[in-house]
Structure formats: C-alpha cells, structure tokens
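Here is the structure we will look at, set down as structure tokens.
We're numbering straight along the sequence, starting at 1. Note that ligands are numbered from 1 as they come in the structure, with each ligand's atoms numbered from 1 the same way.
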Amino acid sequence: MYPDWTRFSVWKDVSEEEFGHHSWQDRNSITRIKQLRAALDVVAAPEVIQDIEDGLTHVGMSIRLTPYVMNLIDWSNAISDPIRSQFLPMRSEQEEDHPCLRVDSLEEQDRSPVPSLVHRYPDKVLFLVTAVCPVYCQFCTRSYAVGQSTDLVQKEQVTSTRNWPAALDYIRRTPEVEDVVISGGDLARLKPANVFELGNALLDIEHVRRFRFATKALAVEPMKFLTDQEWVDALTAVVDRGRTMFKDVVLHTHFNHPDEVTPVVEQAMRLLHSRGVFVRNQTVLLRGVNNDALTLKTLIKRLSRVNIHPYYVYVCDMVKGTEHFRLPIAEAQSLEKEVRGVTAGFNTPLFIVDTPTGKRDVHSAEFHNDEFGVSAFRSPNVDASRLCYYFDPVRSLSSEARLAWGSEHARERILDERIEPDLARA
Ligand SMILES: *Cc1c(COP(=O)(O)O)cnc(C)c1O
Ligand code: SF4
C-alpha cells in the first residue's frame, strides 16, 4: 500500500498498521529542523539536507510534513522531486521576490467584515475556521495567517474557534450570502464535534444554499478518511442532513501532481464516494512541479479516475520566498490550451488568476505589456472600476526589463509612468 517507509531510520520499526493510522501520522509529523535532520539521516545526501536548512531560513511558511508525504518523495532525486519542492524549499532554487509583492496579495484582510471571514463576492464568503493544516505548503496564499511565524513573516492571529459565533452571525444577517467556503487552515485539524457543530449551524441558516469544506488531508494524509471514523462520520452526517434539506455540501481538496494520487487516496475516495460525498480539486500551477502539459493531463486523468472533479488550476500567487514557482501568464494560457479536450469537459479545470477583485480566467486579461510582463484584469461583479495586475516573473523578461525592475522605485517608475498611461489610452 505504501512505498517502503522502513528506509527512514527513524521509522524502521513502525508497522504498516501504525503507519496507516492518522493519529500515528499526526504524532510523527515533522515540524522542526531537528526532526527533519533525523528523518533524512540515511535517505538524503548531506548537501541536500543543508540546502533545505538554508532554504527554510528564507520562507514565509513554517515546516509541517506527514511521514506519509516524506515517504512519497524520491530522496535520491530530491533536487528535482515535485513533492519535495512543495513543502521543503532548497536555497539553491530560490529567487528574489518580485518588487510588487505584498504579504496579503489578495487583500483578504481588507475585505474582512468580521474576523475570520472574507466577503469579496456578492453571494459567497470565505470562512477561515482554523490557522493550522496537516502540512504547510511553501506557496500558500494565506501564508500571512496559516502556520507558525517565520523569520520572514510574522503571523497575525486571524482565526480561532472563538471567532465562529460572530462570523456565523454575520452570515445570518447577510441574506445575499448563499455560498460558504470553509477553509483556513484545514478541516482535518478540527475536532469531529466542531465539524458537526459548524456544518449544522450553516445548514440552519435558511439563505445558505451550499457550502464546501476544504481539506488537503486527502492528498497528504489520506488515512484520515480510513481511520478517523468519528471525524468522517461527522462530515458525512452534515452532508446527509444537507441532502435532506436540498442543500449542497461538498469537499474541496488540493492535489498538484499525479504521483500524489496513490492507492490509499483511491481507498479514501471509494469510501467517500460510497457515502455520497462529492469532491472537487484545486491545483496550483507550480514551476518544476506541474508546468508541463503531460503532467497536468496525467493529473486530471488520475483525479477523474478516482472521482475527484478537477475544478481549478490557479496560477501561483506572489508569496514571499516562492518566486521560483511562478510562471509568466503566457505559459499558463498555453498549458490551458494543451489540456482542454483531453477528457470530459466537466473534468477539465478552469485556469485562473486570483486577484484582489476575484478569480479571472487566464485568457481574459484586458491588457498585457510584454516588455515588463504586466497583465491587467477587471472583475465586473466585484469592482468594475478597478484593474488588478498579474506580474510575470522577472526571470522571463529581457535583460533591460530585468534591470528596470531591479532599480530603486521600480514599481512607481514602471507602473505609474509606463503601464498606467498605456491603460488609460486602451
Ligand atoms: C475563491 C474564493 C471564493 C470561492 O470562489 P469560487 O470561484 O466559487 O470557487 C469565495 N470567496 C473568496 C474570498 C475566495 O477567494
Ligand atoms: S494546505 Fe492549503 S491552507 Fe494549508 S498550507 Fe497548504 S495551501 Fe495553505
């Protein structure tokens, strides 16, 4: 069922039953450099371990990894491994951040009417129910809040269960809200009683027609669904009650690479499917992980095979210390063209750019400046008067443009003096 975990000296005496149990996985998750060093002792080269330790001093996310994920990584090819790079950065691969990076790039904190809620679109809200996940992804859009503080990013305490009553009150008194995204953070870190309570509180609000529970556990700790009976029962009880009320409750998850769709994931999906839980996937487009058509097509086919519906492919947002993952918009557009048509239309994801005024189709830019790699998007349903920018990584530009972005006051000089006048004319 699993690749051989006994190759890690720290887990050499662990039985399959233990390894396949969510509480063993939680208890043995790696959250400190010392544990990482011990775990990698015989499987990874000393240069690799050093490179990761150096990389970790330049990121906005703290480390957290399940032994299950550690074991999916091919440590003999750690440098090019698409799973390693998502969770453990190497100093040698990192690039300087784009000068236009802001810590909360989607301005979620400005669109928060009460703590833990983001209300950006007319009829839906994002409810951040917890700040912890079973793993921490380097490129997390919510790195301003999720996980522990790092050298680069001091996290504000933006969410906790104490915020729930006020957030639920806001939803109750805002009848336009018919759709709730329950994210964070990760549903898998909530107690079964909390999942049950939260789900039922939302179902009890008449104008809430549908909601989604977000969890990455299916990709990084799939045994959660097989061994945490109480938690799965709480989830399915909410889904079942929703069905009797003609309301839609689904699960959203996050797979980025075909190798993450393992036999245990299939088992977890067989269970969820038999209980009538619909699952959608959101992928982040990441350079070196999934930025080629074959990898994306394989991912989509494998997800479809286990009844996970590929919903979105997000172009990677600007997040501190993760510039090396980003792609020019033109590459995202061309990948979308290559992917569409490979399978059923309903299993073909939309490729999107997320902006402070909402998600936009990658093909829908109002304007693109090739020289400086700037695209502008408009969202009529959120704020028709505002244009939001996507910046291509500086590495993809000419040497003159790279120099210009590297100069002092680059943002003002390029955006105010070059891009904005062009836009005013367009
Ligand atoms: C992504 C997001 C949603 C959900 O958007 P969908 O396109 O329906 O998946 C809702 N609120 C916020 C703030 C979001 O960022
Ligand atoms: S699982 Fe989601 S919320 Fe958690 S760190 Fe990864 S991207 Fe961020």
What protein heavy atom sits nearest [atom], and how far off is it?
{"atom": "atom 7 (O) of ligand 1", "answer": "Tyr312 OH, 2.5 Å"}
{"atom": "atom 12 (C) of ligand 1", "answer": "Tyr121 CE1, 3.7 Å"}
{"atom": "atom 2 (Fe) of ligand 2", "answer": "His254 ND1, 4.2 Å"}
{"atom": "atom 5 (S) of ligand 2", "answer": "Cys137 N, 3.3 Å"}
{"atom": "atom 1 (S) of ligand 2", "answer": "Lys216 CD, 3.4 Å"}

Inset, instruction - Output yes if Cys133 passes the N/O/S-under-2.8 Å test against atom 4 (Fe) of ligand 2; output no otherwise. - result: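 Cys133 does place an N, O or S atom closer than 2.8 Å to atom 4 (Fe) of ligand 2.
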Inset, instruction - Would you verify whether the NZ or CZ of Lys224 falls within 45 degrees of the ring axis of Trp231 while also being under 6.0 Å from that six-membered ring's centre? - result: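 Pair Lys224/Trp231 counts as cation-pi.
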Legend entry - Arg287 to Phe325 six-membered ring, cation-pi geometry met (6.0 Å, 45°):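 Judged by the rule, Arg287 and Phe325 form no cation-pi pair.
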Legend entry - Met61 contact mode with ligand 2 (heavy-atom cut-off under 4.0 Å):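 Only the side chain of Met61 comes within reach of ligand 2.
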Inset, instruction - Run the ring-centre check on Trp5 versus Tyr68 and record whether the distance is less than 6.0 Å. - result: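 No; Tyr68 has its ring centre 6.0 Å or more from that of Trp5.
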Do any N/O atoms on [X] end up under 3.5 angstrom from N/O atoms on ligand 1?
{"X": "Arg212", "value": "yes"}
{"X": "Lys124", "value": "yes"}
{"X": "Tyr311", "value": "yes"}

Legend entry - Sub-4.0 Å atoms of ligand 1 with respect to non-hydrogen atoms of Leu126: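 Matching atoms, with element in brackets: 11 (N), 12 (C), 13 (C).
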Legend entry - Atoms in ligand 1 with a heavy atom of Val118 nearer than 4.0 Å: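 Those of ligand 1 that fall under 4.0 Å from Val118 are 13 (C).
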Inspect the surroundings of [atom1] in [X] and state if more than 12 heavy atoms from other residues, nucleotides or ligands are less than 6.0 Å away.
{"X": "Arg305", "atom1": "CZ", "answer": "no"}
{"X": "Glu420", "atom1": "CD", "answer": "yes"}
{"X": "Gln148", "atom1": "CD", "answer": "no"}

Legend entry - Of the listed options Arg120, Glu108, Lys359, His252, closest to atom 3 (C) of ligand 1 (non-hydrogen atoms):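 Going through Arg120, Glu108, Lys359, His252 one by one, Lys359 has the nearest heavy atom to atom 3 (C) of ligand 1.
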Inset, instruction - Identify whether the distance between the nearest side-chain nitrogen and carboxylate oxygen of Asp233 and Arg275 falls below 4.0 Å. - result: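 Yes, this pair counts.
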Inset, instruction - Hey, could you give me the CD1/CG distance between Ile83 and Leu72, rounded to the nearest 0.5 Å? - result: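 Ile83 atom CD1 to Leu72 atom CG measures 5.0 Å (nearest 0.5 Å).
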Inset, instruction - Please find out if atom 6 (Fe) of ligand 2 and some N, O or S atom of Cys140 are separated by less than 2.8 Å. - result: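 Given the 2.8 Å cut-off, Cys140 does not count as a ligand of atom 6 (Fe) of ligand 2.
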Inset, instruction - Output the list of atoms in ligand 2 that are nearer than 4.0 Å to some heavy atom of Gly185, sorted by atom number. - result: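 Taking each heavy atom of Gly185 in turn, ligand 2 has 3 (S) under 4.0 Å.
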Inset, instruction - Please test Leu198 against Trp164 for side chain to side chain contact (heavy atoms under 4.5 Å, CB included), starting from the C-alpha separation and ending with a verdict. - result: CA-CA 8 Å; Leu198 177 64; Trp164 290 11; 3.9 Å; yes
Inset, instruction - Check His273, Gln267, Glu266 against Arg270 for a side chain to side chain donor-acceptor pair (under 3.5 Å) and give me the one that passes. - result: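 For Arg270, the side chain to side chain donor-acceptor pair (under 3.5 Å) test succeeds with only one of His273, Gln267, Glu266, which is Glu266.
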